Amino acid sequence: MDDYHALASSISPSVVSRYLRAQGWVLIDGREGLLEEWAAPENVGSESESEIHLLPVNQEYRDFRRRFVEFLAAVAAYYQIDAHELSHRLRLGAADVLLFRVCHDDGVDDAVGIDEANDVLSAMHRMIAMSARYTASPNKAFTGRVPPRAKEYLAQYVQLGHTRPGSFVFPFISGPRDFHDARTLFARRVMENLAVGLDRVRGLPASPNVALDEFGPLVVALADGLPKLARSPAFSSIEFSFVWAAGREPSSEVPASPVALQSPEIREIAVATVRVKQYLQDRKASDYRLAASRGPVATPAPRVPALPEFPSVVDVEISGEIIALNIDDRRDSDWGSRYSIVIRADVQNLIVDVEMPVGEAEFAVATQARNLGEEVTAVGTLVRTMGGFTMRGQLTSSGQQQSR
């Protein structure tokens, strides 16, 4: 029990209480300043009642240390883990973890070369930064000034954790540990976008089309960083896996299994990435030529992939998260407002990004909703164009409706 005594000396009951609540344990009774009675989550289909565990809170109690140690041991036994792993989970709190595993042909599992470690840290920092930039501004390129939310996240909420057993594992801790707010939601979206992007990178050689939708820029940016990770002569494979914070299930788009890549696969991805980038560059050049041409064009190429069948104009109600906030004085003459927002919504079983002009008051409401991670609802006329979807109507958020 020495490990649990050491853990009890380094952590407070309040930290344990927050962890249990996030994990779905039930607080049966709480005597303020004295103790808490917790019931472990029941097994699915079990008819037996959960066992009650007493968490001592008052550290002045004569037998506080003994009871606290017994409580920690009971929690560890419930999850079938040891004191070291329990300590790790308690300290992570609300943060997510990206585990990056490096495997070598020489079978050395407990060490990695300094140069290779430097390459890993550099490449992984770039990947996380690309995902943060994409999450903050999905419609902008990965150049220029870093968006403020992404800059704050990278500076304050990305850390390198202790290595784990099993080859050489780099744990990257993402997000605040001690609270749940807009910063926690942003950090979660960064990791989810990174997981989805890496999963699509894996499919590039077989299906280059995975880089032609809204995730395309992120997929290409992530694929560009992989060759640097495989430069070591003894390199054999890498693996990305995610440990999601307790109490918050990831999006259904997030892959359920780790993304593992062998050395030959990374070479194939590199070749496929070059082809995709060349295709995108050629398509962009073609678009410029078409725009500059004054004569008739026999077979014009669309600026975006063909959209599924959908009415050109339809009156609908849409709900979704705000993925962009725009201020552009040039739009004032066309839309009657310099403010606009972009809502990602499910419209007739199609996920689309809808741009909507709003007034200054609506823009303030939309900004608050995005900062809080809340969805908004818009009611009005949805118009489909070759460039996407626009909408005129009314915006609501948190039950408050703004007219326009």
Side-chain angles (χ1 to χ4, degrees), residues 85 88 92 95-113 115-132 134 158 160-174 188-211 213 215-216 218-245 249-276:
E85 178 62 22
H88 182 73
L92 282 178
D96 298 317
V97 182
L98 162 61
L99 298 177
F100 178 77
R101 187 185 309 275
V102 182
C103 299
H104 299 89
D105 290 328
D106 55 19
V108 177
D109 290 341
D110 60 350
V112 65
D115 288 341
E116 184 177 4
N118 184 62
D119 285 344
V120 169
L121 294 177
S122 175
M124 290 305 302
H125 181 270
R126 181 181 181 276
M127 288 185 177
I128 295 173
M130 293 301 101
S131 185
Y134 175 83
V158 179
L160 183 65
H162 292 294
T163 56
R164 301 283 190 86
S167 298
F168 199 89
V169 181
F170 293 83
F172 294 88
I173 301 169
S174 168
R188 166 56 64 88
R189 287 200 296 267
V190 171
M191 286 292 106
E192 289 183 343
N193 286 335
L194 181 57
V196 173
L198 288 170
D199 189 47
R200 296 195 179 193
V201 165
R202 177 170 52 183
L204 263 180
S207 180
N209 289 335
V210 299
D213 63 4
F215 268 100
L218 179 60
V219 171
V220 172
L222 294 176
D224 271 343
L226 286 179
K228 188 174 184 179
L229 297 173
R231 294 197 307 191
S232 170
F235 170 83
S236 63
S237 67
I238 55 176
E239 179 183 287
F240 302 87
S241 58
F242 295 81
V243 180
W244 304 107
E249 293 297 323
S251 164
S252 59
E253 296 183 60
V254 172
S257 57
V259 177
L261 298 171
Q262 305 293 323
S263 184
E265 292 178 287
I266 293 178
R267 289 194 292 269
E268 292 176 2
I269 290 171
V271 173
T273 303
V274 172
R275 292 174 179 169
V276 169

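From a predicted model like this one, the values you see are computed outputs, not experimental measurements.
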Distance, nearest 0.5 Å, that separates [atom1] of [X] from [atom2] of [Y]:
{"X": "L160", "Y": "F100", "atom1": "CG", "atom2": "CZ", "answer": "12.0 Å"}
{"X": "L222", "Y": "F240", "atom1": "CG", "atom2": "CZ", "answer": "8.5 Å"}
{"X": "L98", "Y": "S241", "atom1": "CG", "atom2": "OG", "answer": "7.0 Å"}
{"X": "L226", "Y": "L204", "atom1": "CG", "atom2": "CG", "answer": "9.5 Å"}
{"X": "E268", "Y": "L261", "atom1": "CD", "atom2": "CG", "answer": "10.5 Å"}
{"X": "L99", "Y": "F172", "atom1": "CG", "atom2": "CZ", "answer": "10.0 Å"}

Pairwise side-chain contact, L198 with M127, heavy-atom cut-off 4.5 Å (strictly under):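 They are in contact (side-chain heavy atoms under 4.5 Å apart), so the answer is yes.
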
Backbone N or O of [Y] within a donor-acceptor pair of the [X] side chain at under 3.5 Å?
{"X": "N193", "Y": "R189", "result": "yes"}
{"X": "S131", "Y": "V190", "result": "yes"}
{"X": "D96", "Y": "W244", "result": "no"}

Give the C-alpha distance, both sets of side-chain angles, the deciding distance and a yes or no for side-chain contact (heavy atoms from CB on, under 4.5 Å) between V97 and M191. CA-CA 9 Å; V97 182; M191 286 292 106; over 6 Å; no

The test is side-chain contact (heavy atoms from CB on, under 4.5 Å); show your working for I266 and I238 and say whether it passes. CA-CA 10 Å; I266 293 178; I238 55 176; 3.9 Å; yes

Minimum heavy-atom distance between [X] and [Y], given as atom pair plus value:
{"X": "Q262", "Y": "S237", "result": "OE1-CB, 3.5 Å"}
{"X": "E265", "Y": "A260", "result": "OE1-O, 4.0 Å"}
{"X": "E192", "Y": "E249", "result": "OE2-O, 4.4 Å"}
{"X": "V259", "Y": "R202", "result": "CA-NH1, 3.6 Å"}
{"X": "G225", "Y": "A123", "result": "O-CB, 4.0 Å"}
{"X": "G197", "Y": "V219", "result": "O-CG2, 4.1 Å"}

Taking atom types as modelled, is there a side-chain donor on R126 or S122 under 3.5 Å from an acceptor on the other?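 No pair is found: no donor N or O on one side chain lies under 3.5 Å from an acceptor on the other.
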
Checking side-chain contact (heavy atoms from CB on, under 4.5 Å) for the pair F170/M124: CA distance, chi angles, key distance, verdict? CA-CA 10 Å; F170 293 83; M124 290 305 302; over 6 Å; no

